[in-house]
Amino acid sequence: MTALWAVGAALLVGAAVVAVLWRTSRTRNDFLTEAQRITFETLHTAWSAAPPLRAGLVPEAAKKSARHLRTLLGTPALALIDETEVVAWEGGGEHHAAQAVQLAGEVFATGRTRAFDISCAEPDCPVHTAVLAPLTVEGRVVGVLAAYSREPSAGLVRATNEVARWASGQLELAELDRSRTRLVEAEVRALRAQISPHFIYNSLSAIASYVRTNPERARTLLLDFADFTRYSFRRAGDFTTLSEELKSIDQYLALERARFGERLQVTLQIAPEVLPVTVPFLCLQPLVENAVRHGMEGKVGPGHIAIHAADAGDEAHITIEDDGIGMDPEALRRTLAGQVGETAGIGLGNIDERLRRCYGDDYGLVVETAQGLGTKISVRVPKYQPGIHAS
């Protein structure tokens, strides 16, 4: 993790230097010194190679990054190699690609940079020497960067080593991105797994009770149940619209009202302006389920749940409130801190963490509760956030 922070800091410094030099070049129509020009061109080339590398060693992305890496090293040819093949070759001498895979095997085996003499019968071939450096992620060799030149030199070895280290940092960041994606997917799967078997059983029992007495309502409830489960177990991305999330909540509440009858009272107040707002998938439905559970559990009389979504300028403000038994504040604090299981609230810690990861620490759940006094959960969501779009 320290290495990743170092790579990130280096990239930020590089971006700052590029910006300063670019402003200087625009205001004076030239760089102040030759050193500034070279620094700018080097950083700009490295910055151009970074986004494709963040996609990993896949052919399409590797071809884009190889072009910039070759410019960075100033070599006649450059190759990026995985354990089985050359994923990208840039420059001349591509007929040496098969040999490159064999030479890369030694680098994969030792984890060290190697230099090789390359013999070629073609008089115009620019490939006579090769420096192969490992590309590593968390200490594991995942690929090889091969720089080809006409003549061997210690400078080429050092330069190839440094470029390979920088590229390895980008691949580490790519792995971090993939790990973050897998984590989010695992968290959504965990929320899906928390959909109570008792809810499914009770819903089907309620539907069955209407089959003979009110077949039309039974049909409507069955369709609500099908749509609710289809939405909850869909595989189409990490984000949805507030409109879609509220539609799923309405179907959930229809099933619960069939079970509780007039005991479950629901008030909805939704501003139309916030319906298109993008929200994390399943960030509200578990909160409503939590409200139903705590609003009805242990109560003899009716339970009331209020759902409000208001337009607040650049944000949508959403509240879910019940007048039920409430939660123990200390148990709730431990739940949100990830110190205990979800007995204090269905998915609360999961949702709080996802909101903070998407929008920043200012956008976590705000929970007001006390035992016997009900619970109010508030969610703030920016209307627009770069990189976040509904699937």
Side-chain angles (χ1 to χ4, degrees), residues 3 7 34 38-39 41-175:
V7 170
E34 180 67 10
I38 294 172
T39 301
E41 290 179 354
T42 301
L43 289 172
H44 180 70
T45 302
W47 200 255
S48 299
L53 282 171
R54 291 287 293 271
L57 285 179
V58 294
E60 185 176 351
K63 288 175 183 177
K64 294 178 182 178
S65 60
R67 182 170 64 254
H68 298 297
L69 294 175
R70 179 189 166 211
T71 302
L72 205 58
L73 285 168
T75 55
L78 182 139
L80 293 173
I81 309 161
D82 65 14
E83 291 184 288
T84 59
E85 64 179 347
V86 173
V87 291
W89 185 288
E90 177 67 23
E94 192 170 356
H95 53 280
H96 291 286
Q99 183 188 26
V101 176
Q102 297 175 354
L103 299 178
E106 297 189 29
V107 179
F108 274 105
T110 64
R112 296 181 178 181
T113 299
R114 296 290 307 274
F116 300 93
D117 291 326
I118 306 294
S119 59
C120 184
E122 296 188 14
D124 296 329
C125 180
V127 172
H128 295 284
T129 186
V131 177
L132 279 70
L135 300 172
T136 60
V137 173
E138 297 180 350
R140 177 173 54 89
V141 180
V142 298
V144 171
L145 186 152
Y148 293 91
S149 184
R150 295 182 183 277
E151 298 177 353
S153 71
L156 178 61
V157 174
R158 289 195 298 269
T160 303
N161 257 327
E162 291 305 312
V163 170
R165 286 176 58 190
W166 176 83
S168 295
Q170 296 303 309
L171 293 174
E172 290 233 19
L173 291 174
E175 180 60 29

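For this chain, numbers begin at 1 and follow the sequence in order. Any value given below was found using the heavy atoms of this structure, including those in side chains, with hydrogens, waters and symmetry copies removed.
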Enquirer: Applying side chain to side chain contact (heavy atoms under 4.5 Å, CB included), can you list everything that pairs with V141, at least two apart in sequence or on another chain?
Expert: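 With sequence neighbours excluded, V141 shows a side chain to side chain contact (heavy atoms under 4.5 Å, CB included) to F108, P134, T136, given in chain and number order.
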Enquirer: Under 3.5 Å, which donor-acceptor pairs link side chains of residues 71-84 to any protein atom two or more places apart or in another chain?
Expert:
{"from": "T71", "atom 1": "OG1", "to": "R67", "atom 2": "O", "distance (Å)": "3.1"}
{"from": "T75", "atom 1": "OG1", "to": "A77", "atom 2": "O", "distance (Å)": "3.1"}
{"from": "D82", "atom 1": "OD1", "to": "T84", "atom 2": "N", "distance (Å)": "2.9"}
{"from": "D82", "atom 1": "OD1", "to": "T84", "atom 2": "OG1", "distance (Å)": "3.3"}
{"from": "D82", "atom 1": "OD1", "to": "E85", "atom 2": "N", "distance (Å)": "2.7"}

Enquirer: Which donor-acceptor pairs under 3.5 Å do the side chains of residues 56-65 make with protein atoms, sequence neighbours left out?
Expert:
{"from": "S65", "atom 1": "OG", "to": "A61", "atom 2": "O", "distance (Å)": "3.4"}
{"from": "S65", "atom 1": "OG", "to": "A62", "atom 2": "O", "distance (Å)": "3.0"}

Enquirer: Going by salt bridge (Lys or Arg N to Asp or Glu O under 4.0 Å), name the pairs with one or both residues in residues 147-156, residues two or more places apart or in two chains.
Expert: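 Passing the test, one end in residues 147-156: no pairs.
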Enquirer: Can you name the nearest heavy-atom pair linking L135 to A167, along with the distance?
Expert: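 Smallest interatomic distance, heavy atoms only, reads CD2-CB, 3.8 Å.
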Enquirer: List the atom of A66, the atom of A88, and the distance in Å for their closest heavy-atom pair.
Expert: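 Between these two residues, the closest heavy atoms are CB-CB, 4.1 Å.
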Enquirer: Restricting to side chain to side chain donor-acceptor pair (under 3.5 Å), what partner residues turn up for T113, sequence neighbours left out?
Expert: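 If we apply the side chain to side chain donor-acceptor pair (under 3.5 Å) test to T113, skipping adjacent residues, the hits are N161.
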Enquirer: If you take all heavy atoms of G93 and V127, which pair is closest and at what distance?
Expert: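 Closest approach of G93 to V127, heavy atoms only: CA-CG2, 4.1 Å.
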Enquirer: Identify the two heavy atoms, one from A147 and one from T160, that lie closest to each other, and give their separation to 0.1 Å.
Expert: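 So the two residues come closest at CB-OG1, 3.5 Å.
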Enquirer: Keeping to residues at least two apart or across chains, list the salt bridge (Lys or Arg N to Asp or Glu O under 4.0 Å) pairs with something in residues 109-121.
Expert: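 The answer is E106-R114.
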Enquirer: Do L145 and W166 have side chains that get closer than 4.5 Å, going by heavy atoms?
Expert: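 No, their side chains stay 4.5 Å or more apart.
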Enquirer: Provide the closest heavy-atom pair for P152 versus T129 in the form atom of the first, atom of the second, distance.
Expert: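 Looks like N-CG2, 3.6 Å.
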Enquirer: Which heavy atom of L132 sits nearest to which heavy atom of A146, and what is that distance?
Expert: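 Where L132 meets A146 most closely, the heavy atoms are CG-CB, 3.7 Å.
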Enquirer: Per the ring-ring contact (aromatic ring centres under 6.0 Å, His included) rule, what does the pair list look like for residues 49-104, sequence neighbours excluded?
Expert: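 Found W89-Y148.
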Enquirer: Any salt bridge (Lys or Arg N to Asp or Glu O under 4.0 Å) involving residues 68-78? Give me the pairs, sequence neighbours left out, ordered by first then second residue.
Expert: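 The answer is R70-E90.
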Enquirer: Just to verify, what does E162 make a salt bridge (charged side-chain N to carboxylate O under 4.0 Å, His left out) with, not counting sequence neighbours?
Expert: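 Only R165 meet the salt bridge (charged side-chain N to carboxylate O under 4.0 Å, His left out) criterion with E162.
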Enquirer: Can you list the residues that meet the side chain to side chain donor-acceptor pair (under 3.5 Å) rule with E138, with sequence neighbours excluded?
Expert: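 Testing E138 for side chain to side chain donor-acceptor pair (under 3.5 Å), a comparison that skips the adjacent residues, returns none.
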Enquirer: Drop me the distance from S168's OG to L53's CG, to the nearest 0.5 angstrom.
Expert: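 With rounding to 0.5 Å, OG (S168) is 9.5 Å from CG (L53).
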Enquirer: Give every residue pair that meets the ring-ring contact (aromatic ring centres under 6.0 Å, His included) criterion with at least one member in residues 110-141, sequence neighbours excluded.
Expert: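 Found none.
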